[in-house]
Amino acid sequence: MTADASGPRVGGRTGYLMRFLGGLRSWPLFVAAAALLLLDLAVPDPIPMLDELVLAVLTYALARWKRKK
């Protein structure tokens, strides 16, 4: 991996993830919602699948919330 005038090159999945997060209006909010979704999937709850569905929809909505060009 070499660095040129444009900076270090990032390839593969990491490059795609960084481009995706860079295009979001609020990437920290998306990452927080995704982390909460993963944590919620691991912890049992009294009403199965309800909160998982809500967090999944919220995470999807945040992923679609792009910057205006």
Side-chain angles (χ1 to χ4, degrees):
M1 183 187 275
T2 62
D4 56 8
S6 64
R9 302 188 76 187
V10 179
R13 293 181 189 157
T14 305
Y16 173 76
L17 180 64
M18 297 309 286
R19 284 191 310 272
F20 172 74
L21 291 176
L24 297 177
R25 281 192 184 185
S26 178
W27 67 266
L29 189 59
F30 170 76
V31 170
L36 279 174
L37 176 62
L38 292 176
L39 178 67
D40 189 46
L41 289 173
V43 176
D45 50 334
I47 303 174
M49 295 302 291
L50 179 64
D51 51 344
E52 284 88 352
L53 289 173
V54 171
L55 277 173
V57 168
L58 176 67
T59 304
Y60 178 74
L62 289 173
R64 302 287 299 167
W65 193 24
K66 301 284 183 170
R67 289 185 181 156
K68 294 180 182 176
K69 292 185 179 188

| task | Hey, could you give me each pair passing ring pair (Phe, Tyr, Trp, His ring centres under 6.0 Å) that has a residue in residues 21-47? Not counting sequence neighbours. | result | Phe20-Phe30
| note | Contacts satisfying ring pair (Phe, Tyr, Trp, His ring centres under 6.0 Å) that involve residues 31-53 (not counting sequence neighbours) are none
Check residues 47-61 and write down every donor-acceptor pair under 3.5 Å in which the side-chain atom is one partner and the other belongs to a residue at least two apart or another chain.
{"from": "Glu52", "atom 1": "OE1", "to": "Met49", "atom 2": "N", "distance (Å)": "3.3"}
{"from": "Thr59", "atom 1": "OG1", "to": "Leu55", "atom 2": "O", "distance (Å)": "2.8"}

| task | Please write out which residues are connected to Val43 in a hydrophobic cluster, directly or through intermediates, given that two of Ile, Leu, Val, Met, Phe, Trp, Tyr count as joined at side-chain heavy-atom separations below 4.5 angstrom. | result | Leu39
